[in-house]
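Proteins get letters first, then strands, A, B, ... in listed order; numbering begins at 1 in each. Below, all heavy atoms of this structure are taken into account, side chains as well, without hydrogens, waters or symmetry copies.
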There are 2 protein chains.
Amino acid sequence: MTSTDRPPAGTAGKGAELSGVRPTRQRLAVADALSDADGFHSAQEIHELLGRRGESVGLATVYRTLQRLADAGEIDMMRSEDGEAIYRRCSMTHHHHLVCRSCGRTVEVEGPAVERWTTAIADEHGYAEVSHTLEIFGTCPDCR
Amino acid sequence: MTSTDRPPAGTAGKGAELSGVRPTRQRLAVADALSDADGFHSAQEIHELLGRRGESVGLATVYRTLQRLADAGEIDMMRSEDGEAIYRRCSMTHHHHLVCRSCGRTVEVEGPAVERWTTAIADEHGYAEVSHTLEIFGTCPDCR
DNA sequence: GGCAATTTGACAACGATTCTCACTCGCAGT
DNA sequence: ACTGCGAGTGAGAATCGTTGTCAAATTGCC
């Protein structure tokens with residue numbers, strides 16, 4: 001469940017998207033760390049990075065912040081092959097992976113055609129809020 | 001008592017992939033369960049299914065068997081949105097699933113265009129023996 | 001039949017993520 | 001600036017999926 005319901009916070013009538021979200025030191029630090037380090041990073045990596053920077057932030061807070069950012073669509077979340085959640089600063093295009101069965105070498109590929117197709121198919125069946133996962137497996141040239 | 005007995009040294013050198021693999025009841029049961037239930041299933045689901053069937057198999061064994069099968073390329077493994085490992089029997093008709101996030105209602109869809117696209121992309125990067133997984137998620141009309 | 005390597009299974013160990021809860025801090029009103 | 005309250009935080013417990021351990025059971029092959 002991705003419930004986003006929050007208690008009747010009477011505070012209404014202020015910032016649009018940021019209703020009830022406080023820009024605390026920790027949140028800024030997490031968002032910042034993720035911006036500085038590009039590419040995908042796990043919550044634990046971010047936590048460690050913050051520690052090295054001296055900006056100590058609790059692990060639980062890092063998890064919460066990362067999740068909130070992902071929910072808000074400000075960052076992308078996907079899962080590594082180990083099943084760990086990894087995040088990256090948003091903006092880059094949505095893409096898929098072409099993975100080698102033997103060595104694991106991965107190539108990121110884009111497919112506007114696929115994006116269009118999935119949306120069309122879902123639409124055709126009346127499904128809304130579409131998302132999808134696509135992974136391609138094969139044996140890379142070096143492993144042939 | 002070491003070099004006296006020598007296991008089937010070059011016994012009918014054909015069973016390449018199955019070197020040292022015994023077709024035990026448990027392994028057959030797991031492979032069977034996965035074949036019967038199509039679609040993706042987690043190790044725990046398979047374990048539970050086997051339990052219901054009366055074919056009791058240890059959880060650890062299910063994990064090991066599934067992993068071995070995946071390594072051998074006999075089944076596909078990917079990760080659910082929760083990060084859990086899910087497997088499916090390989091070699092079934094090429095179709096994908098359009099799943100409803102709320103009620104789970106699933107529609108099987110085919111996409112020759114996607115098949116062609118994935119093959120083309122893989123080819124372009126020199127990858128051979130291509131296979132892929134694609135799942136589409138959305139909210140079905142009844143759940144809107 | 002009988003032996004040794006492979007497998008199995010119950011359970012401990014693990015690592016990632018979430019939950020709990022007492023304590024702190026930012027924000028708005030006074 | 002002072003204060004109250006709820007959002008936010010953090011340390012550690014609790015979950016949960018998955019892997020490691022090891023004695024006992026099973027299987028293949030002589």
- request: Give a yes or no answer on whether the side chain of A:His47 reaches the backbone of A:Val57 with a donor-acceptor pair at less than 3.5 Å.
  value: yes
- prompt: Can you tell me how far C1' of D:dG17 sits from CD of A:Glu81, to the nearest Å?
  reply: 18 Å
query: Do you know the tightest heavy-atom contact between B:Ile75 and B:Leu66?
result: CD1-O, 3.5 Å
message: Looking at D:dT27, I'd like to know if its phosphate oxygens (OP1 or OP2) sit under 4.0 Å from a side-chain N or O belonging to B:Thr24.
response: no
message: Using modelled atom types and a 3.5 Å cut-off, is there a donor and acceptor pairing between side-chain atoms of B:Ser80 and backbone atoms of B:Glu84?
response: yes
task: Nearest whole angstrom, please: distance from the P of C:dT17 to the CZ of B:Arg79.
output: 11 Å
- prompt: In whole angstrom, what separates B:Arg27's CZ from C:dT6's C1'?
  reply: 8 Å
query: Where along residues 42-53 of chain B does a heavy atom fall under 4.0 Å from DNA chain D?
result: B:Gln44
Strictly under 3.5 Å: I want the nitrogen or oxygen pairs between protein and nucleotides 10-14 of chain D, one per line.
from, atom 1, to, atom 2, distance (Å)
D:dG10, OP1, A:Gln26, NE2, 3.2
D:dG10, OP2, A:Gly58, N, 2.9
D:dG10, OP2, A:Thr61, OG1, 2.6
D:dG10, N7, A:Arg64, NH2, 2.8
D:dG10, O6, A:Arg64, NH1, 3.4

Euclidean distance, atom OH of residue B:Tyr63 to atom C1' of D:dT19 [Å, nearest integer]: 9 Å
Residue whose nearest DNA chain D nucleotide is more 5′ - B:Pro23 or B:Ile86: B:Ile86
query: Is there a side-chain contact between B:Leu34 and B:Val30, using heavy atoms and a 4.5 Å cut-off?
result: no
query: Under the salt bridge (Lys or Arg N to Asp or Glu O under 4.0 Å) test, which residues partner A:Arg116, sequence neighbours left out?
result: none
task: Using whole Å, report how far CG of A:Leu28 lies from P of C:dG26.
output: 11 Å
task: Round to a whole Å and report the spacing from CG of B:Asp82 to P of D:dT15.
output: 18 Å
task: Between D:dT18, C:dC27, C:dT18, spot the one nearest the side chain of A:Arg22, thanks.
output: C:dC27
Selection residues 42-63 of chain B - residue pairs positive for salt bridge (Lys or Arg N to Asp or Glu O under 4.0 Å), sequence neighbours left out: B:Arg25-B:Glu55, B:Asp36-B:Arg53, B:Glu48-B:Arg52
task: Evaluate the side-chain proximity of B:Tyr87 to B:Gln67: yes if any heavy-atom separation is below 4.5 Å, no if none is.
output: yes
message: Measure CD/B:Gln67 against C1'/D:dT18 and give the value in whole Å, please.
response: 8 Å
Gap between atoms CG and C1', on B:Leu66 and C:dT8 respectively (whole Å): 16 Å
statement: So the ring pair (Phe, Tyr, Trp, His ring centres under 6.0 Å) pairs with at least one residue in residues 115-144 of chain A (sequence neighbours excluded) are A:His94-A:His132, A:His96-A:His132
- line: Besides A:Tyr63, the hydrophobic cluster formed by Ile, Leu, Val, Met, Phe, Trp and Tyr side chains linked at under 4.5 Å, directly or via other members, contains A:Leu59
